[in-house]
Amino acid sequence: MPITPATATHSSSNGTADAILLELVDEDGVTIGTAEKLTAHQPPGQLHRAFSVFLFDERGRLLLQQRALGKYHSPGVWSNTCCGHPYPGEAPFAAAARRTFEELGVSPTLLAEAGTVRYNHPDPASGLVEQEYNHLFVGLVQSPLRPDPEEVGDTAYVTSAELEARHAADPFSAWFMTVLDAARPAIRELTGHSAGW
């Protein structure tokens, strides 16, 4: 696993690990400060910058990720290819590319901006709240996956019809349908209307 600010172990002077900070934003996505990651997700939640990635193979199938069981937030549920939070001052595009490689061991062959969406999704299972200003990205993946087992429990490529069946049967992240629906125009442009997205 590559060593990055997200995966490196840093110790402060008192021997504790440094906090991971998120970028707080206003309703227009303008940065207004920072907050510790877990604090930002405590009810009622603090609006913060996030990103969501949707990668497709050459057949127009969406790469889904099942979150690892050890994740503190939404463990074991299925979600989009990759999602996360930029570090304060980090461009969302750079964060999306970085985390895709860290979690799945691949770099997209194409990654394009697909707009933003703002949402508020409580997660009843964890008691945490997703108050996010989310930057969306769509792209293509052509390399074999090398998932980090601490981040990813499983992966699957699905067609639009297969996703509907899976979504009805399996638990998905609270934010999944919101980000998918917001990204659909860019997904259709990428995959073509015949793919059914």
Side-chain angles (χ1 to χ4, degrees), residues 1-8 49-71 73-87 90-117 132-197:
M1 182 170 72
I3 301 299
T4 70
T7 58
R49 195 175 309 284
F51 64 83
S52 290
V53 177
F54 297 86
L55 296 182
F56 295 81
D57 68 6
E58 67 283 352
R59 294 167 50 192
R61 298 180 303 168
L62 171 61
L63 174 58
L64 295 177
Q65 175 189 141
Q66 184 182 37
R67 295 166 63 84
L69 291 175
K71 303 278 276 185
H73 191 339
S74 303
V77 302
W78 288 91
S79 199
N80 47 293
T81 308
C82 180
C83 54
H85 309 94
Y87 298 125
E90 182 182 26
F93 183 92
R98 171 181 58 79
R99 283 304 288 167
T100 299
F101 184 80
E102 289 172 354
E103 292 186 8
L104 295 162
V106 294
S107 296
T109 51
L110 171 73
L111 191 64
E113 294 182 8
T116 59
V117 62
E132 293 189 332
Y133 188 93
N134 198 306
H135 296 257
L136 307 171
F137 298 92
V138 300
L140 299 173
V141 63
Q142 295 175 310
S143 304
L145 304 178
R146 297 184 316 277
D148 176 354
E150 291 186 14
E151 298 286 346
V152 181
D154 200 0
T155 59
Y157 285 97
V158 296
T159 64
S160 178
E162 289 167 343
L163 175 62
E164 284 188 34
R166 185 181 286 260
H167 191 260
D170 295 330
F172 272 72
S173 64
W175 62 88
F176 176 74
M177 287 308 299
T178 299
V179 292
L180 175 63
D181 287 343
R184 279 187 198 274
I187 290 170
R188 289 187 189 111
E189 187 174 331
L190 176 72
T191 62
H193 285 279
S194 62
W197 295 103

Next item on the list: Return the set of residues passing side-chain hydrogen bond (donor to acceptor under 3.5 Å, both in side chains) with Glu103 (not counting sequence neighbours), or none when no residue passes.
Entry: Gln65, Arg99
Checklist line | Set of side-chain contact (heavy atoms from CB on, under 4.5 Å) partners for Ala165, sequence neighbours left out | finding: none
Item checked: salt bridge (Lys or Arg N to Asp or Glu O under 4.0 Å) contacts in which one or both residues fall within residues 165-174, not counting sequence neighbours -> Arg166-Asp170
Margin query: Holding to salt bridge (Lys or Arg N to Asp or Glu O under 4.0 Å), I want the full list of residues that pass it with Asp154, two or more places apart in sequence or in another chain.
Written below: none
Next item on the list: Using the test side-chain contact (heavy atoms from CB on, under 4.5 Å), find all partners of Ala50 that sit at least two apart in sequence or belong to another chain.
Entry: His85, Glu132, Asn134
Notebook entry, point to check: So, the side chain of Ser74 versus the backbone of Val77: is there a donor-acceptor pair under 3.5 Å, distance only?
Noted result: no
Notebook entry, point to check: What residues, two or more places apart in sequence or in another chain, satisfy side-chain contact (heavy atoms from CB on, under 4.5 Å) together with Ala174?
Noted result: His121
Next item on the list: With sequence neighbours excluded, give me every side-chain hydrogen bond (donor to acceptor under 3.5 Å, both in side chains) pair touching residues 187-197.
Entry: none
Item checked: Listed partners of Arg61 passing side-chain hydrogen bond (donor to acceptor under 3.5 Å, both in side chains), at least two apart -> Asp57
Next item on the list: Kindly say whether the aromatic ring centers of His135 and Phe51 come within a distance under 6.0 Å.
Entry: no
Checklist line | Exam field: side chain Ser52 to backbone Cys83, donor-acceptor pair closer than 3.5 Å | finding: no
Next item on the list: List for me each residue that meets side-chain hydrogen bond (donor to acceptor under 3.5 Å, both in side chains) alongside His73, sequence neighbours excluded, and say none if there are none.
Entry: Glu130
Margin query: If the condition is salt bridge (Lys or Arg N to Asp or Glu O under 4.0 Å), which residues does Glu90 pass it with, not counting sequence neighbours?
Written below: Arg98
Check: Any donor-acceptor pair under 3.5 Å linking the side chain of Asn80 with the backbone of Phe54?
Finding: no
Notebook entry, point to check: Which residues satisfy the side-chain hydrogen bond (donor to acceptor under 3.5 Å, both in side chains) test with Gln142, sequence neighbours excluded?
Noted result: Thr109
Item checked: Partners meeting side-chain contact (heavy atoms from CB on, under 4.5 Å) with Ala182 (sequence neighbours left out) -> Val117, Leu136
